[in-house]
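Working notes, structure below.
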Amino acid sequence: MTSILFITGNEHKVEEANRILSPFGVRLEMLPKKKIEVQSSSLLRIAEYAAYMAAKKLKSPVLVEDSGLFIRALKGFPGPFSSYVHKTIGCEGILKLLSGIEDRHAIFKCVVAFCSPSAGLHTFLGQSKGQISLYMRGHAGFGFDPIFVPYGEELTFAEMLPEQKDRFSHRGAAFRAFGSWFSSKSMAKP
Ligand code: ITT
């Protein structure tokens, strides 16, 4: 197993990422620091900047992930502000904003940024398209899981078994892309 530092304050992300990466022989060690965020509405820019700054400071390979829920009827809100919006108005607030609105289309997006002093910066994207449910369902997972139903499915992420969520999720797609790239190279050295 290769160990890589994962800069995040979110334990759920670490648990999910480790589950997804274990077949690739990669284990993430959580470094529970708030990542350094640029003021940007781009997940890609936020993740790239945070990974670059952390690798430079720690002189070690690091991973950073930035994700968010983009709701079409709300013109992409909460998007890059998902963490703050979840802490403030939560799933209930999103359901209120969407009450009476027929268009429930939404996309979960995830950007994984890997940066190492020797290999430089590499990013991996994942997304999951689906619908915002009419009410909260299920208790598994975190964040907006109780209100997100991926297309082709009936259950919300919060009603699924963990491995089932990984199969459909934005994080599953992004970390699988990272895992297959990483295991095909030897990028672990500083
Ligand atoms: P770090 O920045 O410390 O990594 P964070 O939780 O603040 O942790 P983000 O800035 O990337 O992370 O915010 C992403 C938010 O989007 C997250 O807090 C959730 O509210 C929501 N989110 C992302 N992925 C999700 C998922 O798989 N299920 C449910 N909600 C998710």
Side-chain angles (χ1 to χ4, degrees), residues 4-21 28-55 58 62-71 74 76-95 97 106-115 123-133 136-151 153 155-176 178:
I4 306 175
L5 291 174
F6 185 17
I7 321 282
T8 178
N10 186 330
E11 290 176 2
H12 300 280
K13 285 185 177 183
V14 184
E15 196 185 320
E16 290 192 6
N18 269 327
R19 215 166 47 222
I20 299 157
L21 288 176
L28 303 184
E29 301 288 336
M30 178 175 181
L31 190 59
K33 280 200 168 161
K34 193 66 201 152
K35 60 196 195 232
I36 310 159
E37 291 196 6
V38 272
Q39 252 346 80
S40 171
S41 58
S42 153
L43 298 185
L44 183 67
R45 248 180 74 66
I46 295 169
E48 280 183 341
Y49 181 78
Y52 176 79
M53 295 304 280
L58 300 166
V62 298
L63 270 173
V64 167
E65 184 238 78
D66 207 60
S67 46
L69 179 64
F70 295 72
I71 300 173
L74 304 179
F77 181 84
F81 313 108
S82 292
S83 182
Y84 178 73
V85 169
H86 186 264
K87 280 184 207 134
T88 50
I89 64 170
C91 291
E92 294 90 346
I94 294 291
L95 291 178
L97 288 174
I107 306 181
F108 257 129
K109 294 183 185 176
C110 175
V111 177
V112 169
F114 172 79
C115 191
T123 50
F124 304 85
L125 315 185
Q127 60 174 29
S128 179
K129 293 186 180 176
Q131 306 242 54
I132 302 299
S133 56
M136 289 172 69
R137 289 191 268 125
H139 301 284
F142 70 104
F144 296 111
D145 280 346
I147 57 168
F148 185 81
V149 182
Y151 279 134
E153 298 303 303
L155 302 178
T156 65
F157 273 165
E159 292 176 306
M160 293 183 177
L161 293 171
E163 293 72 18
Q164 208 179 351
K165 176 183 171 185
D166 297 344
R167 220 176 322 131
F168 299 111
S169 82
H170 49 311
R171 187 162 298 102
F175 274 100
R176 276 192 297 275
F178 165 72

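Values reported hereafter were calculated over all heavy atoms of this structure, with side chains retained and with hydrogens, waters and symmetry mates removed. We number each residue from 1, following the sequence as shown. First listed ligand is number 1; within each ligand, the first listed atom is number 1. A quick note: this is a predicted structure, and the numbers were derived from the prediction, not measured.
Between Phe142, Phe81, Phe6, Tyr84, it is Phe142 that holds the heavy atom closest to atom 29 (C) of ligand 1. One option in Glu65, Met30, Lys13 has a heavy atom closer to atom 9 (P) of ligand 1 than any other, and that option is Lys13. Selection from His170, His12, Lys165, His86 by nearest heavy atom to atom 20 (O) of ligand 1 gives His86.
Look at Phe108 and you'll find a heavy atom under 4.0 Å from some atom of ligand 1. Contact analysis puts Asp66 in contact with ligand 1, with a non-hydrogen atom separation below 4.0 angstrom.
Under 3.5 Å, the side chains of Ser133 and Gln131 contain no donor-acceptor pair of N or O atoms.
Taking distance alone, with nitrogen or oxygen atoms compared against 3.5 Å, Ile7 stays at or beyond that limit from ligand 1. For ligand 1, one of its N or O atoms has an N or O atom of Phe144 under 3.5 Å away. Considering backbone and side-chain atoms alike, Asn10 places an N or O below 3.5 Å from some N or O of ligand 1.
Near Asp145, meaning under 4.0 Å from any of its heavy atoms, are these atoms of ligand 1: 26 (C), 27 (O), 28 (N), 29 (C). Less than 4.0 angstrom separates some heavy atom of Thr8 from each of these atoms of ligand 1: 1 (P), 3 (O), 4 (O), 8 (O).
Summarising the geometry, atom CZ belonging to Arg176 is positioned 7.0 Å from atom OG belonging to Ser169; distances are rounded to the nearest 0.5 Å. Atom CG of Leu21 sits about 6.0 Å away from atom CZ of Phe175, to the nearest 0.5 Å.
Remark: minimum distance from atom 2 (O) of ligand 1 to any protein heavy atom is reached at Lys35 NZ, 2.7 Å. Closest protein heavy atom to atom 14 (C) of ligand 1: Ser67 O, 3.1 Å. Considering only non-hydrogen protein atoms, atom 16 (O) of ligand 1 sits nearest to Ser82 CB, 3.2 Å. The protein non-hydrogen atom at the shortest distance from atom 5 (P) of ligand 1 is Ser83 OG, 3.8 Å. Taking atom 3 (O) of ligand 1 as the reference point, the nearest protein heavy-atom neighbour is Gly9 N, 2.7 Å. The protein heavy atom nearest to atom 24 (N) of ligand 1 is Arg171 NH2, 2.9 Å.
Proximity of a side-chain donor or acceptor of Asp145 to a complementary backbone N or O of Phe142 within less than 3.5 Å is detected. In this structure, Glu48 contributes its side chain and Arg45 its backbone to no donor-acceptor pair below 3.5 Å. With hydrogens and angles disregarded, no donor-acceptor distance shorter than 3.5 Å links the side chain of Thr123 to the backbone of Val112.
In this structure, Leu5 and Leu63 have side chains that are not in contact, with every pair of non-hydrogen atoms separated by 4.5 Å or more.
Of the candidates Lys13, Met30, Glu29, Lys13 is the only one forming a side-chain contact (heavy atoms from CB on, under 4.5 Å) with Phe6.
Tyr151 OH: more than 12 foreign heavy atoms inside a 6.0 Å radius.
Ionic pairing of Asp166 and Arg171 is not present here: no N-O contact between side-chain nitrogen and carboxylate oxygen is shorter than 4.0 angstrom.
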